[in-house]
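First the structure, in the form of structure tokens, and then the observations on it.
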Amino acid sequence: MADWKNPPRLFIPGPIKVDDDVLQQMARPTLGHRGKEYSQLHGETVDLLKKALFTDQHVFLSTSSASGIWEAAIRNCVAPDETVLSTCCGAFSDKWADVVEDCGRKVDRLKVEWGQAVTPAMIDEKLASGTYAAITLVYNETSTGLANPVYEISQMMKQKYPDVLVFVDSVSAMVGLPLHFDDLGWDITFASLQKAFGIPPGFAVAVVSNRALEKSKSVPARGYYFNFELWAKNAEKNQTLVTPSVQHIYALNYQCHKVVNEGMENVWKRHKAMAQYVREWALSRFDVFCEKPYASDTLTTIRNTRNIDVAKTIAALQEKHNTVFGNGYGKLKQETFRIAHMGDITLDDVKEVTGWIDEETS
Ligand SMILES: *Cc1c(COP(=O)(O)O)cnc(C)c1O
């Protein structure tokens with residue numbers, strides 16, 4: 001029986017299950033956010049994130065979900081008369097393009113079918129045909145379970161369009177998939193904590209390049225809450241602009257220590273091993289939804305080729321094992337379903353969940 005007092009273990013692609021040791025971090029006494037202890041916590045956490053994301057540029061802690069940074073990227077770093085090229089390959093990348101428009105900026109959409117990747121050649125062709133201030137990319141499209149070839153795209157951008165800013169939604173990729181921010185030459189990337197960080201929702205990490213921060217200073221009407229220039233001024237003191245969710249930062253600090261100590265290569269390998277298991281399972285019983293070479297290592301979207309009743313199967317797992325996985329996103333509901341394999345989810349966990357799905361559907 002569904003009951004909020006007995007929450008199920010979550011294998012939906014966000015929020016994902018959070019381990020007790022991480023929850024314990026959030027139960028620590030809070031800190032005044034202008035005090036020395038807070039600055040220590042903040043500074044140490046930012047330093048760890050810089051290591052995890054391979055950057056020496058600006059790392060900001062935002063008490064918001066990542067969608068706030070969709071908006072912040074545009075309002076801070078795109079002037080009102082400039083145009084953005086938004087690549088669209090699923091629900092989240094589509095939504096970001098809408099947000100560009102909601103912010104009053106002009107947007108051109110480069111659309112591919114859901115399940116297909118955006119390639120460097122497609123972007124090159126579009127950028128060659130007009131004047132764009134920035135492009136938006138989604139690293140890992142959480143609706144279709146697809147990881148775009150962002151390393152190849154970034155290489156092309158550096159060679160051919162060094163002046164176009166590169167904004168990347170890494171919400172379900174950060175600390176699950178390789179991300180060398182400075183080498184990639186990105187200008188903004190960000191993630192919520194309820195995905196591969198394995199922390200409860202309500203908080204985001206943003207990385208901003210020096211040149212993006214500089215550019216923001218010339219953009220009018222950037223607002224207050226998500227103002228990068230004000231964020232940077234406070235970050236110099238290892239503080240945030242407004243009162244942050246200190247409890248999230250405790251958990252973030254803890255999780256960053258864990259991944260940095262493990263070594264990022266090992267963290268990515270761990271995700272790949274889980275993904276390979278789930279993909280093989282999916283291919284032998286159903287199919288993988290997206291173009292196979294681009295299947296994500298942090299979640300799998302499975303094409304429901306046997307037309308199982310997805311909602312009923314999820315309900316059965318909840319009833320028997322107090323565990324849920326994800327239905328398809330939006331228009332992909334029932335046609336697909338999704339299993340998260342990121343953060344503190346383990347190979348044993350995904351073996352258990354897929355085994356239970358087998359029991360219900362064989
Ligand atoms: C979950 C998700 C978002 C939205 O994150 P919120 O924390 O709900 O704002 C955006 N983009 C992608 C790719 C996601 O997976």
Side-chain angles (χ1 to χ4, degrees), residues 10-18 60-75 86-100 102-103 112 114-118 135-150 153 166-179 186 188-207 225-226 244-245 248-249 251-252 255 271 275 289-290 294-301 324-333 336-343 345:
L10 299 178
F11 293 85
I12 61 176
I16 64 160
K17 82 172 173 92
V18 181
F60 297 128
L61 307 182
S62 176
T63 303
S64 69
S65 87
S67 306
I69 318 295
W70 275 346
E71 191 162 322
I74 306 307
R75 292 193 65 189
S86 285
T87 60
C88 299
C89 60
F92 292 98
S93 42
D94 286 0
K95 178 58 79 181
W96 197 4
D98 294 344
V99 169
V100 176
D102 292 338
C103 293
V112 298
W114 283 28
Q116 284 185 354
V118 176
I135 64 168
T136 65
L137 296 169
V138 166
Y139 190 160
N140 196 68
E141 186 34 90
T142 315
S143 57
T144 62
L146 174 138
N148 278 307
V150 292
I153 292 169
V166 179
F167 304 159
V168 186
D169 170 331
S170 296
V171 179
S172 59
M174 192 179 281
V175 303
L177 305 181
L179 202 173
W186 290 356
I188 300 176
T189 199
F190 48 88
S192 305
L193 298 192
Q194 76 271 19
K195 309 272 169 102
F197 281 101
I199 294 171
F203 203 88
V205 168
V207 190
Y225 193 83
F226 289 107
S245 172
H248 276 99
I249 302 174
L252 179 59
Q255 292 296 67
H271 283 80
F289 177 73
C290 71
Y294 300 104
S296 161
D297 284 346
T298 57
L299 81 140
T300 301
T301 299
V324 296
F325 60 96
N327 206 324
Y329 191 95
K331 69 182 185 188
L332 296 180
K333 206 174 200 158
T336 67
F337 57 95
R338 297 174 301 157
I339 299 174
H341 31 80
M342 57 175 109
I345 289 173

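Positions are given from 1 along the sequence. Both counts, for ligands and for their atoms, begin at 1 and track the order of listing. Side chains are part of it too, since the values below use all heavy atoms of this structure and drop only hydrogens, waters and symmetry mates. None of these values were measured; they are calculated from a predicted model.
A donor and an acceptor atom, one from each side chain of T136 and S86, are located under 3.5 Å apart.
Atom numbering of ligand 1 starts at 1 in the shown order; those under 4.0 Å from a heavy atom of N140 are 13 (C).
Side-chain contact between L193 and H248 is present, with at least one heavy-atom pair separated by less than 4.5 Å. Side-chain contact between V324 and L10 is present, with at least one heavy-atom pair separated by less than 4.5 Å.
Taking each heavy atom of M342 and K195 in turn, the nearest pair found is SD-C, 3.5 Å.
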Show me the donor-acceptor pairs within less than 3.5 Å that the side chains of residues 168-179 make with the rest of the protein, sequence neighbours left out.
unit_1 : atom_1 : unit_2 : atom_2 : d
D169   : OD1    : V171   : N      : 2.8
D169   : OD2    : W70    : NE1    : 3.0
S170   : OG     : T189   : OG1    : 2.6
S172   : OG     : N140   : O      : 3.2
S172   : OG     : N140   : ND2    : 2.8
S172   : OG     : T142   : OG1    : 2.7

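Geometrically, ligand 1 and W70 share no nitrogen or oxygen pair separated by less than 3.5 Å.
Summary of contacts: the protein heavy atom closest to atom 11 (N) of ligand 1 is D169 OD2, 2.7 Å. Looking only at heavy atoms of the protein, atom 7 (O) of ligand 1 is closest to S192 OG, 2.5 Å. Looking from atom 4 (C) of ligand 1 to the surrounding protein, the closest heavy atom is S67 OG, 3.8 Å. Protein heavy atom nearest atom 15 (O) of ligand 1, with residue, atom name and distance: T142 OG1, 2.5 Å.
Within the structure, ligand 1 has A66 among the residues with a heavy atom less than 4.0 angstrom away. No heavy atom of Y139 sits closer than 4.0 Å to any atom of ligand 1. For Q194, the closest heavy-atom approach to ligand 1 falls below 4.0 Å. At least one heavy atom of K195 sits closer than 4.0 Å to an atom of ligand 1.
Each of F203, F60, W96 was checked for a ring pair (Phe, Tyr, Trp, His ring centres under 6.0 Å) with F190, and the lone residue meeting it is W96.
Every residue was checked against the side-chain hydrogen bond (donor to acceptor under 3.5 Å, both in side chains) condition with D102, not counting sequence neighbours, and none meets it.
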